[in-house]
Amino acid sequence: MKSPLKLTLGPLLYLWPTERWRDFYFAIADQSPVDVVVLGETVCSKRLHFMEPEFMAVVERLEAAGKEVRLSTLALVTLDRESKYQRSVAGDEGHLVEANDLSALQMLKGRRHTVGPFVNVYNGPSAKLLARNGAASICLPPELPAASVAEITRSCPGGDFDSSRSAAYLLPSRRAARMPDPRERPRTIVSSSARKIPTAFP
Amino acid sequence: MELICPAGTPASFREAVDAGADAVYCGFRDETNARNFPGLNFDLAELRDAIGYARARKVKTFVALNTFMTAGKEDLWYRRAREASEAGADALIVADFGLMAHVAEHHPAQRLHISVQASASNPEALSYLVDCFGAARIVLPRTLTIQDIARIARSVDCELEVFVFGGLCVMAEGRCSLSSYATGKSPNMNGVCSPASHVRYRQAGGDLVSELGGFTINRFSEEEPAGYPTLCKGRFAVGQSATYAFEDPVSLDVMDQLDELRAAGVKALKVEGRQRGKAYISEVVSTLRATLKAAPADRPVLMSRLRKLSEGQQTTKGAYEKRWR
């Protein structure tokens, strides 16, 4: 029997002041219908101090509201201190950890965990491999066509893992090791001759 | 350190071998590799000939199978892996986990290299790939400093290959959907980025405007050389100015850091450029070979010959020397 569709809120990818970050999650706890909240820093290790002061308060508020809290790992890890941070998140015994980088997959091997959209899973064989590694749930990449999503779930019947996919396209479209000023948002001019922008999924 | 050179066509392949490559990397004419552009790449017969040509001159051939397998169409990648292996490829360069597992299981004697597209950027990531798939060599993403590379080399049991010259992908390779967003075609799925099929140039007064998928990417005045509208290398309105918000459209050149790279434990130096013509390949490979042989004091003069061949006629050290941490 298919399990009912759940709503998962992915980790916040923006750089917000501590209070705004906290209040956002308090509102999610108090008012939103999401079932699962993935919490943590995925983008940049230099942002960790923004969420640290309120992190436990947010976890408690979400769990008190009946939300399942999962912890996210960094998506791009290059420094020693980032590897150490990754290890500390992966070591959490009380929450499911979402792997967004290969280092997290290594640290979580053999333990039940989830896989985030920043690990590339484009087909059934890759999904099955991660399931054998311990993945209980995989969030598929946002550019994956619907046909691929169908094929992956068809080739990996329930019992292997749950697959989820990003429904709202409020995602960064690229990862870079260098950020332009995150407060500035580059804009492009859509040409006057622009036609409908083709997307990878229907 | 080995010099690993690109070949988009059989003619470029022979140029690369003759100009002094230690290994040449190439791909099949389909979406199994990340340079799936019209007019490029090899069919099986051409690949066999190329491998034979290289082998006779003691040069290796690596076959890139570095896109992510399309769900339901994995047989195409599996077939190409078998064909490349049977043709005598010295290594397969792979990014997809499912394909890595397939090669490890069905072609256990086949040397496996991990593509930059797999985004393995730290010791634990590399260990994962070595432990799970027996990876012999990993191409590092262009997001690491030389210090980062040295840290990795101390901790892992596989060879390291780094890009030293050519086009620069400024994002974490293998994890960028910009092209997908603008055109519906992606490096990971289709082996293309900012494909020509979605490019348009138009005049706007005295300026030339370049577009990709209906987005304006850049605008050039009459005096400026016009560039190709690779999406991340466009000029965008940020605050009050129009600027290269993501990256300047320049190429990578870290050939002045050869001693540092060697000291860091790098085994192989990779040149980007499978979409380049054979004249470019010949000039770049022979100059890099000469530079590798030259004394440090003589290298800058050699490398200055290549400046005009770089994108924007300028170069960058990319993340190799980044000061921010």
Side-chain angles (χ1 to χ4, degrees), chain A residues 46 75-80 82-83 86-87 101-107 109 118 120-130 133 141-145 147-152 154-155 171 173-178 180-181 184-191 193-200, chain B residues 68-72 74 95-99 101-102 118-125 127-129 131-132 141 143-145 148 151 170-172 174-178 180-186 188-189 200 202 209 211 213-217 232 234 236-239 245-246 319 322 324-325:
Chain A
K46 293 211 283 275
L76 184 62
V77 173
T78 64
L79 303 173
D80 205 27
E82 289 168 346
S83 294
Q86 205 80 326
R87 207 170 284 286
D101 164 69
L102 274 60
S103 63
L105 289 179
Q106 175 73 345
M107 294 167 186
K109 219 191 274 187
F118 302 114
N120 287 333
V121 182
Y122 282 77
N123 49 67
S126 298
K128 283 193 211 173
L129 186 106
L130 293 176
N133 201 43
E143 68 169 6
L144 209 58
S148 289
V149 176
E151 174 61 32
I152 292 171
R154 187 200 63 77
S155 68
L171 289 163
S173 40
R174 86 285 186 274
R175 309 224 62 81
R178 189 178 96 186
D181 185 339
E184 294 281 12
R185 290 171 42 218
R187 295 187 308 283
T188 183
I189 304 156
V190 178
S191 197
S193 60
R195 46 196 161 64
K196 182 173 180 322
I197 308 299
T199 51
Chain B
F68 294 84
M69 303 193 289
T70 305
E74 296 87 357
D96 182 286
F97 289 151
L99 187 58
H102 177 89
S119 199
S121 60
N122 55 74
E124 293 80 9
S127 297
Y128 179 77
L129 295 164
D131 293 350
C132 288
T143 55
L144 300 171
T145 62
D148 295 332
R151 177 171 87 94
V170 303
M171 308 310 173
R175 300 159 98 187
C176 179
S177 326
L178 279 178
S180 226
Y181 176 75
T183 70
K185 298 285 178 208
S186 90
N188 286 355
M189 295 192 297
R200 204 166 87 92
R202 62 181 169 83
V209 174
E211 292 178 8
F215 291 98
T216 295
I217 303 303
C232 61
F236 302 106
V238 183
F246 298 116
K322 74 182 173 198
W324 67 96
R325 307 308 264 124

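Below, read A as the first sequence line, B as the second, and so on, with proteins coming before strands; counting in each chain starts at 1. Note that the structure is predicted; figures quoted are calculated from it, not measured.
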[X] vs [Y] side-chain heavy atoms within contact, under 4.5 Å:
X: N122(B); Y: D101(A); value: yes
X: F97(B); Y: L102(A); value: yes
X: F118(A); Y: R175(B); value: yes
X: P125(A); Y: H102(B); value: no
X: Y128(B); Y: M107(A); value: no

Select one option (side chain, backbone, both, neither) describing which atoms of L129(B) are under 4.5 Å from chain A's heavy atoms.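 L129(B) touches chain A through side-chain heavy atoms alone.
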Interatomic distance, [X] atom [atom1] to [Y] atom [atom2] [nearest 0.5 angstrom]:
X: L79(A); Y: L144(B); atom1: CG; atom2: CG; answer: 9.0 Å
X: C132(B); Y: N133(A); atom1: SG; atom2: CG; answer: 5.5 Å
X: M69(B); Y: N123(A); atom1: CE; atom2: CG; answer: 4.0 Å

Going by distance alone, is a donor N or O of one side chain under 3.5 Å from an acceptor N or O of the other, for [X] and [Y]?
X: D131(B); Y: Q106(A); answer: yes
X: D96(B); Y: Y122(A); answer: no
X: E143(A); Y: S180(B); answer: yes

Shortest non-hydrogen contact from E151(A) toward G72(B): CG-N, 3.4 Å
Taking all non-hydrogen atoms of both residues into account, name the closest pair between N120(A) and G174(B) and its distance.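 Minimum heavy-atom contact is ND2-O, 2.7 Å.
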Heavy-atom contact with chain B under 4.5 Å, split by part of L129(A):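 The side chain, not the backbone.
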Between S126(A), S148(A), A104(A), the one whose heavy-atom pairs under 4.5 Å with chain B are most numerous: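 The option with the most such pairs is S126(A).
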